[in-house]
**Q** 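Below you will find the structure I want to go over with you.
Naming convention: chains lettered A, B, ... in sequence-line order (proteins, then strands); numbering from 1 in each chain.
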Number of protein chains: 2
Amino acid sequence: MMEGPDIARIAALIGDPARANMLAALMSGRALTASELAREAGVTAQTASSHLAKLHAGGLVGTRKQGRHKYFSLATDEVAHLLENLMGIAAGAGHLRTRTGPKDQALRKARVCYSHLAGDLGTQLYDGLMRQGALHLDGSGMGLSDAGETLMRRFGIDLDALKSRRAPLCRECLDWSERRSHLAGSLGRALLSRFEAVGWARRDAASRAVLFSAEGEARFRETFSLPAR
Amino acid sequence: MMEGPDIARIAALIGDPARANMLAALMSGRALTASELAREAGVTAQTASSHLAKLHAGGLVGTRKQGRHKYFSLATDEVAHLLENLMGIAAGAGHLRTRTGPKDQALRKARVCYSHLAGDLGTQLYDGLMRQGALHLDGSGMGLSDAGETLMRRFGIDLDALKSRRAPLCRECLDWSERRSHLAGSLGRALLSRFEAVGWARRDAASRAVLFSAEGEARFRETFSLPAR
DNA sequence: GCAATGCTTCGATTAGCATCGAAGCATGAT
DNA sequence: ATCATGCTTCGATGCTAATCGAAGCATTGC
């Protein structure tokens, strides 16, 4: 006993419903203010402040002060990965909370996972990149092949800027609805924001859903050689 | 708010120190009795019983009654994956920054993750299989190539028996000490038990460590074309 | 049969912590 | 300056849940 790191400490952090709701809200990838998170969790500002302080001390969220606002976001991709993982188990093992409403279906099709694309389209993208050899997974981790780099540059991704950062370019992230991997890392982030920039998709304001237009989805499938739906 | 599955519910389950210790103990892959888990967690039999009932109701552990003993084990590989994931974050963000005691080093080198090989040797095996093309990761998930099947059969793995089961043959699992993937799934399980069967390694009785003999490690590296240490 | 072992249920105690009201402290707007 | 907004600290309250002792069931062994 007592071997390995203190797992209970951070599990307990996530274990409070108010904090869990805050973290789930931060899975949108957007940085949110303390009051927004308070509203999201359904508690008053004071309790939210206390919760956020604990999340910060526990290393799960990062903060940024801007004027009289304080913005919170998930600390790392790994935290997002953990949360997604938790959702998978909660969806499978917990009672069937998955009442597949219409909004729920949109979430399953495409949603934001921290800051990259998840859901059916996210895993399809990942699979497609793997299939055509744009992505590879070898000893040193995951990376882009030459063909992949060309593809990304042609799509308008500034790879040089991404590479100059310390953050890993490619990571995989387990999808809770699909139970398969999708692409995370700074490239995953850049791709999602590019999808928005070129008008293929936009984020739902109220949820984590990513709404592709009909034409946007067609162009998306075409660009990454995915089967037409 | 309230979208997605109830993440707080199971995080809270793991968030209690006693339960977390029990789960960590079950990461050895062995099925343990209620009293063993009570001792492991440092609580009396009554409280342990209460905790285990909750873990069972929450779907995190499975039970098997045998005589007057009740054996507990982790419910699925996904649960093990989640715990390993949690350890990674706890090790990074929490205090207790890896005081590398002598036993700790053994754990880092090779240990049991649920029921397959983790640690340095586990990730090396995974990387080696990937490098030589025995394993591949494509659209439909992870699988063995023909060369990989030959390799496994030659090593004495009964692939047909594994394939006939419903459980996935190959899965990847994120390693908390190495922060990279190692091989899980029924093949991962079979490999570890084969390592023990042919006398290359044995499990430490008191911890999750897997102890390779000098010759065992050499044969291991030779068999899977890993660089000599 | 009786005793022993392993586990569970019951009841009571306790401690921790989530919660909120109110006040304090910044920063920004008028 | 003065007020408003956003966040934090303080103090008090109340609820949840972890804990254990003791008794209750089940199973095994003699």
Side-chain angles (χ1 to χ4, degrees), chain A residues 1-2 6-26 30-75 94, chain B residues 1-2 6-26 30-73 75 94-95:
Chain A
M1 97 184 216
M2 274 305 178
D6 190 0
I7 172 181
R9 191 182 143 78
I10 69 169
L13 274 178
I14 311 177
D16 178 78
R19 286 194 293 261
N21 280 335
M22 292 176 173
L23 291 171
L26 289 176
R30 279 188 280 259
L32 299 176
T33 68
S35 10
E36 286 172 324
L37 288 168
R39 201 168 343 110
E40 200 73 33
V43 294
T44 63
Q46 311 94 297
T47 55
S49 177
S50 155
H51 284 311
L52 289 167
K54 284 173 189 174
L55 288 175
H56 184 59
L60 294 186
V61 305
T63 74
R64 213 180 71 198
K65 243 167 81 174
Q66 208 167 83
R68 55 180 166 185
H69 292 275
K70 194 166 179 183
Y71 286 92
F72 292 84
S73 52
L74 296 187
Chain B
M1 97 186 214
M2 274 306 177
D6 191 358
I7 170 180
R9 191 181 143 78
I10 69 167
L13 274 179
I14 312 177
D16 177 79
R19 287 193 292 262
N21 281 334
M22 292 175 174
L23 291 171
L26 289 175
R30 280 187 280 259
L32 300 176
T33 68
S35 10
E36 285 171 325
L37 288 168
R39 202 167 342 112
E40 201 72 34
V43 294
T44 63
Q46 310 94 299
T47 53
S49 177
S50 154
H51 284 311
L52 289 168
K54 285 173 189 174
L55 287 175
H56 183 59
L60 294 186
V61 304
T63 75
R64 213 182 71 199
K65 243 166 82 173
Q66 207 166 85
R68 55 181 166 186
H69 292 276
K70 194 166 179 185
Y71 286 91
F72 292 85
S73 52
H95 340 168

**Q** State, with a plain yes or no, whether a side-chain heavy atom of B:R64 is found less than 4.5 Å away from one of B:K70.
**A** no
**Q** Expressed as a whole number of angstroms, how long is the span from B:L52:CG to C:dG6:P?
**A** 15 Å
**Q** I'd like to check the side chain to side chain contact (heavy atoms under 4.5 Å, CB included) partners of B:T33; sequence neighbours left out, ordered by chain and number.
**A** B:S35, B:E36, B:H69, B:Y71
**Q** Identify the two heavy atoms, one from B:G62 and one from B:H56, that lie closest to each other, and give their separation to 0.1 Å.
**A** CA-ND1, 4.3 Å
**Q** From B:I7 CD1 over to A:L23 CG, what is the distance, rounded to the nearest 0.5 angstrom?
**A** 6.5 Å
**Q** In this structure, how many angstroms lie between the C1' atom of C:dA23 and the CD atom of A:Q46, rounded?
**A** 11 Å
**Q** I need the NZ-P distance between B:K65 and D:dT28, as an integer number of Å.
**A** 10 Å
**Q** For nucleotides 17-19 of chain D, tabulate all protein N/O to nucleotide N/O atom pairs closer than 3.5 Å, reporting atom names and distance.
**A**
unit_1, atom_1, unit_2, atom_2, d
D:dA18, OP1, B:R19, NH2, 3.0
D:dA18, OP2, B:K54, NZ, 2.6
D:dT19, OP2, B:H51, NE2, 2.5

**Q** Answer yes or no: is there a side-chain heavy-atom contact under 4.5 Å between A:R19 and A:I14?
**A** no
**Q** Identify all pairs in which a protein N or O lies below 3.5 Å from an N or O of nucleotides 4-6 of chain D, and state each distance.
**A**
unit_1, atom_1, unit_2, atom_2, d
D:dT5, O4', A:R68, NH1, 3.4
D:dT5, O2, A:R68, NH1, 3.2
D:dG6, O3', A:R68, O, 3.4

**Q** Can you tell me how far apart CZ (A:R9) and CG (A:L13) are? Round to the nearest 0.5 Å.
**A** 6.5 Å
**Q** Would you say the side chain of A:L26 lies within less than 4.5 Å of the side chain of A:L37, judging by non-hydrogen atoms?
**A** yes
**Q** If every non-hydrogen atom of B:A18 is compared with every non-hydrogen atom of B:A41, which pair is closest and at what distance?
**A** O-CB, 3.5 Å
